[in-house]
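Chain A is the first sequence line, chain B the second, and so forth, proteins listed ahead of strands; every chain is numbered from 1.
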Amino acid sequence: MTFSREILGWYRRNKRSLPWRNTRDPYKIWLSEIMLQQTRVAQGLPYYQKFVERFPKVEDLANASEEEVLKLWQGLGYYSRARNLHAAAKTVAYGHQGRFPDTYDGLLKLPGVGDYTASAIASICFDRPEPVVDGNVYRVLSRFFGVTQPINATGGVKYFKTLAREVMDGDHIRDYNQGIMEFGAVQCTPKSPDCGVCPLRSGCVALQKNTIDSLPVKLAKTKVKTLYFNYLVPVSPEGKTWLRQRTGKGIWRNLWEFPLVETPKEALIDEVRGGLADFPQLGNAVNVYRYNENPIVHKLSHRHLHTVFWVVETHDGFEGGVSFDEADKYPVPVLIAEFLKTFKNSYF
DNA sequence: AACACGGGGGT
DNA sequence: ACCCCAGTGTT
């Protein structure tokens with residue numbers, strides 16, 4: 001029994017029922033693949049349902065505003081995926097007459113579609129014999145074949161791609177690719193895989209050598225930095241506030257937030273008062289006070305954001321003010337969304 | 001080659 | 001606290 005036959009057999013017996021498993025529509029497959037980049041199925045699933053309902057066809061997505069796309073994406077993270085999704089939808093709808101490319105090379109040209117996603121769409125929708133190599137595949141291959149090359153070094157990436165191509169079943173690529181990923185997600189898990197009932201146990205090098213827990217090998221990632229965020233929460237006499245859109249290329253690009261004062265360490269109230277000068281709309285502040293006693297530590301994969309919200313009550317209204325209910329219509333980071341929820345309940 | 005980019009869930 | 005997740009794009 002070959003590796004690929006075992007994978008196909010296991011997949012037939014164990015595959016989960018997922019909405020994108022019942023279609024070859026490249027729009028739906030593409031949508032699911034973008035959403036599942038660095039994202040668990042359980043987290044992406046409700047977003048997939050929302051997007052398919054609101055945007056049944058790629059033209060619907062192409063014709064939406066970026067604001068709406070980001071709002072629907074809110075909470076899923078890695079927001080460049082949403083911006084690229086929107087851009088790619090426009091390309092497909094208006095540059096390719098609504099048809100997705102049906103080759104690896106063609107798909108790879110779409111923004112947000114890299115090696116993995118191009119291979120996934122080409123194989124699942126068009127039966128192209130392209131191997132997928134995602135986090136699951138790295139784990140399964142490294143363990144079964146006992147590969148100790150780091151999965152996140154240039155040489156390792158090439159090695160695993162070549163190995164994946166050698167052991168795939170090009171005649172059943174659609175099920176094989178989904179099968180090896182599903183096998184990694186369900187059976188060959190990162191922690192405590194149940195090797196006792198694994199159909200591949202007799203041929204698994206790592207199991208034989210007792211190296212399951214040390215595979216795959218991964219180079220250390222860069223360490224987390226701590227940043228100090230001070231959000232100024234304007235409140236006018238009419239109870240309105242003020243949001244602005246983030247620009248540039250850092251985190252949360254194009255999402256909305258309160259005026260932000262970033263400091264090298266935790267700020268004192270006088271520093272925050274000084275920061276008001278950067279925002280002319282807040283020049284008539286009559287009262288500034290700290291909202292949360294202890295900083296909220298919002299954890300991203302590469303940043304810890306120590307955040308304090310400062311309520312800034314003004315004497316007059318300001319240009320561009322919105323009510324706190326209207327604020328919920330804007331795409332905002334989870335950090336801001338959670339603040340809005342508690343603040344509305346406590347302040348008013 | 002190294003880093004930026006979110007948020008949630010498991011251990 | 002650390003790891004991982006159906007990775008991609010930029011520097």
**Test item: side-chain donor near acceptor, A:H172 and A:D175, under 3.5 Å** = no
**Asked** Quick one: do the A:T39 and A:Y78 side chains pair a donor with an acceptor below 3.5 Å?
**Response** no
**Request:** Check every nucleotide of DNA chain C for an atom under 4.0 Å from a heavy-atom of chain A, then give the first and the last such nucleotide from 5' to 3'.
**Result:** C:dA1 to C:dT11
Rounded to the nearest Å, what distance is computed from the [atom1] atom of residue [X] to the [atom2] atom of nucleotide [N]?
| X | N | atom1 | atom2 | value |
| --- | --- | --- | --- | --- |
| A:Y78 | B:dG6 | OH | P | 8 Å |
| A:R303 | B:dG7 | CZ | P | 13 Å |
| A:W73 | B:dG6 | CH2 | C1' | 11 Å |

**Derivation of the side-chain contact (heavy atoms from CB on, under 4.5 Å) call for A:L243 and A:E326** = CA-CA 10 Å; A:L243 293 171; A:E326 287 168 335; over 6 Å; no
**Request:** Could you list the residues that satisfy salt bridge (Lys or Arg N to Asp or Glu O under 4.0 Å) with A:D278, not counting sequence neighbours?
**Result:** none
At 4.0 Å (heavy atoms only), tell me whether [X] reaches a base, stays on the sugar-phosphate, or touches nothing.
| X | result |
| --- | --- |
| A:G250 | sugar-phosphate |
| A:L76 | base |
| A:R139 | sugar-phosphate |
| A:R81 | base |
| A:K225 | sugar-phosphate |
| A:T39 | base |

**Residue closer to the 5' end of DNA chain B, A:A153 versus A:L300 (nearest nucleotide)** = A:A153
**Request:** For A:I251 and for A:A220, find the nucleotide of DNA chain B with the closest heavy atom, then tell me which residue's nucleotide is more 5'.
**Result:** A:A220
Review item, nucleotides 8-11 of chain B N/O atoms under 3.5 Å of protein N/O:
{"residue": "B:dG8", "atom": "N2", "partner": "A:R40", "partner atom": "NE", "Å": "3.3"}

**Request:** Using heavy atoms and a sub-4.0 Å distance, could you list which residues of residues 112-129 of chain A are near DNA chain C? By number, please.
**Result:** A:G112, A:V113, A:G114, A:D115, A:Y116, A:T117
**Prompt:** Between residues 17-33 of chain A and DNA chain C, which residues have a heavy-atom gap below 4.0 Å?
**Reply:** A:W20, A:R21, A:E33
**Of all pairs that satisfy side chain to side chain donor-acceptor pair (under 3.5 Å), the ones with a partner from residues 54-66 of chain A, not counting sequence neighbours** = A:R54-A:E68, A:N63-A:Y94, A:E66-A:N254
**Asked** Which pairs count as side chain to side chain donor-acceptor pair (under 3.5 Å) when at least one residue sits in residues 8-17 of chain A, sequence neighbours excluded?
**Response** A:Y11-A:R21, A:R16-A:E182
**salt bridge (charged side-chain N to carboxylate O under 4.0 Å, His left out) between A:R303 and A:E262, worked out** = CA-CA 14 Å; A:R303 298 279 185 269; A:E262 203 179 328; over 6 Å; no
**Fill in**
Residues at least two apart in sequence or cross-chain that pass ring-ring contact (aromatic ring centres under 6.0 Å, His included) with A:F55, listed by chain then number, are A:F51
**Prompt:** Can you tell me if the side-chain N/O atoms of A:K221 get under 4.0 Å from OP1 or OP2 in B:dA4?
**Reply:** no
**Phosphate OP1/OP2 of B:dC5: any A:H302 side-chain N/O under 4.0 Å** = yes
**Complete:** Under a side-chain separation threshold of 4.5 Å, the hydrophobic residues clustered together with A:I269 are A:L232, A:W242, A:V261, A:V272, A:L276, A:F279, A:L282, A:V288, A:V308, A:W310, A:V312, A:F318
**Message:** Please report the distance separating the P of C:dT11 from the corresponding atom of B:dG6, rounded so that it comes out in whole Å.
**Reply:** 15 Å
**Prompt:** What integer number of Å spans the P atoms of B:dC5 and C:dA6?
**Reply:** 23 Å
**Asked** Going through the checks in order, is the salt bridge (charged side-chain N to carboxylate O under 4.0 Å, His left out) test met by A:K341 and A:D328?
**Response** CA-CA 9 Å; A:K341 198 170 2 163; A:D328 286 332; over 6 Å; no
Does [X] use its side chain to pair, donor to acceptor, with the backbone of [Y] at less than 3.5 Å?
| X | Y | result |
| --- | --- | --- |
| A:T189 | A:V186 | no |
| A:T241 | A:P234 | yes |
| A:R81 | A:I34 | yes |

**Asked** So, A:R128 and A:D102, do they make that salt bridge, N to O below 4.0 Å?
**Response** yes
**Prompt:** For DNA chain B, what dot-bracket results from Watson-Crick or G-U pairs at under 3.5 Å, with [ ] for crossers and | for inter-strand partners?
**Reply:** |||||.|||||
**Complete:** Here the ring pair (Phe, Tyr, Trp, His ring centres under 6.0 Å) pairs for residues 138-164 of chain A, sequence neighbours left out, are A:F3-A:F144, A:F3-A:F145, A:Y138-A:F160
**Item:** Contact list for residues 98-130 of chain A, test ring pair (Phe, Tyr, Trp, His ring centres under 6.0 Å), sequence neighbours left out
**Value:** A:W30-A:F100
**Prompt:** What do you reckon, are the aromatic ring centroids of A:F339 and A:F258 less than 6.0 Å apart?
**Reply:** yes
**Asked** If each of A:Q38 and A:K249 is mapped to the nucleotide of DNA chain C with the nearest heavy atom, which maps nearer the 5' terminus, i.e. the 5' end?
**Response** A:Q38
